[in-house]
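Labels below follow one simple rule: chain letters A, B, ... track the order of the sequence lines, proteins then strands, and each chain is numbered from 1.
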There are 2 protein chains.
Amino acid sequence: MSIHTNLINAIGHFIRMDEAEQSFVSSLFVSREYQKNDYFLREGQVCREAGFIEKGLIRYHSIKDSGEDVTLDFGKENEFTCNYESFLDHSPSQRSIQCIEPTEILAISYENLQLIYSKVKEGEKFGRLICEYLYLQAIKKVSSFYGDQPEQRYLHFINSYPDLQQRIPQYYISSFVGVKPPSLSRIRKRLSM
Amino acid sequence: MSIHTNLINAIGHFIRMDEAEQSFVSSLFVSREYQKNDYFLREGQVCREAGFIEKGLIRYHSIKDSGEDVTLDFGKENEFTCNYESFLDHSPSQRSIQCIEPTEILAISYENLQLIYSKVKEGEKFGRLICEYLYLQAIKKVSSFYGDQPEQRYLHFINSYPDLQQRIPQYYISSFVGVKPPSLSRIRKRLSM
DNA sequence: TAAATTTATTAACCTGGGTGAACGAACCGG
DNA sequence: CCGGTTCGTTCACCCAGGTTAATAAATTTA
């Protein structure tokens with residue numbers, strides 16, 4: 001039985017596992033295939049699986065009361081994904097996870113993740129570290145929104161994700177940056193002069 | 001030897017502890033007193049202690065490159081505090097924690113927190129849960145900044161912290177909401193009409 | 001390839017927040 | 001109780017982003 005190498009490597013950045021644990025952990029994930037615009041999670045549903053992105057590109061988004069579609073973040077190959085708050089307390093998710101490229105995700109159920117926490121020696125530590133990591137990500141975004149103007153946020157985006165810029169439509173980027181498409185065009189024009 | 005009741009109750013919201021564990025945990029914290037405008041943590045320092053606010057009020061803030069003082073969040077009685085990212089990886093803190101009232105904080109060193117993780121039965125779980133909690137807080141703020149106009153963020157603030165509104169100067173609130181004082185005045189005027 | 005659709009840019013006008021300064025109120029310390 | 005500082009509000013002006021709509025470019029589909 002082959003193991004999911006990329007996944008195990010990714011978890012290996014957080015904790016040590018022996019071979020038996022690696023096989024065990026790997027066996028708890030199932031592979032899921034998505035086409036462009038398919039959803040890994042829809043707003044209103046409970047997020048019952050966490051995922052590891054083997055291949056592809058996702059965006060986190062939600063629909064505001066006004067009906068506006070807001071892109072909150074992106075995720076790509078070798079990153080973990082889920083709506084953590086929904087996943088943790090089984091509450092309806094406030095945001096969707098949509099694949100914006102053909103995407104392959106290794107998914108693990110809440111119950112199976114608890115098995116990792118309880119059966120793997122450093123499983124509980126893994127849960128803590130992955131959460132800490134997600135926390136740092138969130139904090140960085142808060143800081144960026146407090147400290148930066150839209151123009152700086154855009155620059156920050158293209159510097160942080162130079163490879164993603166080509167793979168993501170402008171209107172998702174503008175939404176992510178926090179402005180409307182005409183404004184992002186103006187920003188891009190300003191920057192090119 | 002008396003234990004820190006509020007603290008133990010707060011931790012008790014996350015995990016179960018027997019009496020011996022409660023005493024042990026309590027003994028790892030030391031009480032620190034701060035006057036108004038004193039700092040629990042200064043930008044640039046490594047955050048070597050996490051704290052539990054027994055009494056008082058703090059604000060998280062940072063100084064932008066432009067020199068502007070930005071208030072990122074507030075914390076009050078019975079809440080935990082630290083700069084988690086600095087605390088976790090011993091990196092220089094990007095933000096300060098300032099007491100804006102006379103404040104009493106029960107502090108625990110990084111090393112002693114590791115003792116909780118390792119010696120208390122559900123210690124590792126506590127670390128995970130407290131991080132999850134901080135994560136949810138951060139996520140909520142990100143969502144708020146994406147979804148809301150300054151006016152809505154202000155309304156959200158006074159609804160979420162009705163008791164804090166009297167205790168916090170306007171210019172900290174305006175900074176927290178993400179606008180300048182004159183703009184917050186205009187918002188307040190609009191809302192009162 | 002042509003037509004249809006989607007996406008990106010541009011223009012004109014509007015709105016809300018930033019800036020700098022003035023004013024008054026509240027809060028200190030002497 | 002007074003003088004000084006700090007704090008909140010208001011004013012006038014400016015600017016960046018929002019809005020709507022038109023247009024152009026790119027992508028899809030037939």
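Positionally, the nearest nucleotide of DNA chain C for A:Ser183 lies more toward the 5' end than for the other of A:Ser183 and B:Pro150. Mapped onto DNA chain D by nearest heavy atom, A:Lys36 and B:Pro181 fall at different nucleotides, with B:Pro181 at the one closer to the 5' end.
When the shell of 6.0 Å around NZ of B:Lys55 is examined, it contains more than 12 heavy atoms from other residues, nucleotides or ligands.
A salt bridge links B:Arg128 with A:Glu124: the closest approach of a Lys/Arg side-chain nitrogen to an acidic carboxylate oxygen falls below 4.0 angstrom. Between A:Asp69 and A:Arg59 there is a salt bridge, since at least one side-chain N of the basic residue sits less than 4.0 Å from a carboxylate O of the acidic one. Salt bridge B:Arg16/B:Glu122: absent, no basic N to carboxylate O contact under 4.0 Å.
The two residues A:Glu85 and A:Ser91 make their nearest non-hydrogen contact at O-OG, 3.7 Å.
The distance from atom NZ of A:Lys180 to atom P of C:dT9 is 17 Å, rounded to the nearest whole Å. To the nearest angstrom, P of C:dT19 lies 7 Å from CD of B:Glu68. For the pair B:Tyr171 OH and C:dA26 P, the computed distance is 17 Å after rounding to whole Å. The CD atom of B:Glu151 sits 12 Å away from the C1' atom of C:dG17 (whole-angstrom rounding). With rounding to whole Å, B:Gln149 atom CD is found 11 Å from C:dG17 atom C1'. Distance, B:Leu184 CG to C:dG16 C1': 14 Å, rounded to whole Å. Rounded to whole Å, the distance from CG on B:Asp148 to P on C:dG16 is 16 Å.
Note on B:Arg190: a side-chain N or O is less than 4.0 Å away from OP1 or OP2 of C:dG17.
Note on ring orientation: taking the six-membered ring where Trp is involved, the planes of B:Phe74 and B:Phe176 are tilted (angle from 30° to 60°).
Backbone-only contact: A:Arg188 has heavy atoms under 4.0 Å from sugar-phosphate atoms and none from a base. B:Ser185 comes within 4.0 angstrom of a nucleotide base, judged by non-hydrogen atoms across all strands. B:Pro182 comes within contact range of at least one nucleobase, with a heavy-atom separation under 4.0 Å.
A heavy atom lying under 4.0 Å from DNA chain D marks the following residues of residues 152-170 of chain B, by number: B:Pro169, B:Gln170.
The nucleotide range of DNA chain D contacted by chain B, defined by atoms under 4.0 angstrom from heavy atoms of the protein and reported 5' to 3', is D:dC7 to D:dA12.
Counting only heavy atoms from C-beta outward, the side chains of B:His90 and B:Arg48 approach each other to under 4.5 Å. Inter-residue side-chain proximity for A:Ser96 and A:His61 is flagged as met; some heavy-atom pair is nearer than 4.5 Å.
The residue from B:Phe29, B:Phe40, B:Phe52 that alone fulfils the ring pair (Phe, Tyr, Trp, His ring centres under 6.0 Å) condition with B:Phe80 is B:Phe52.
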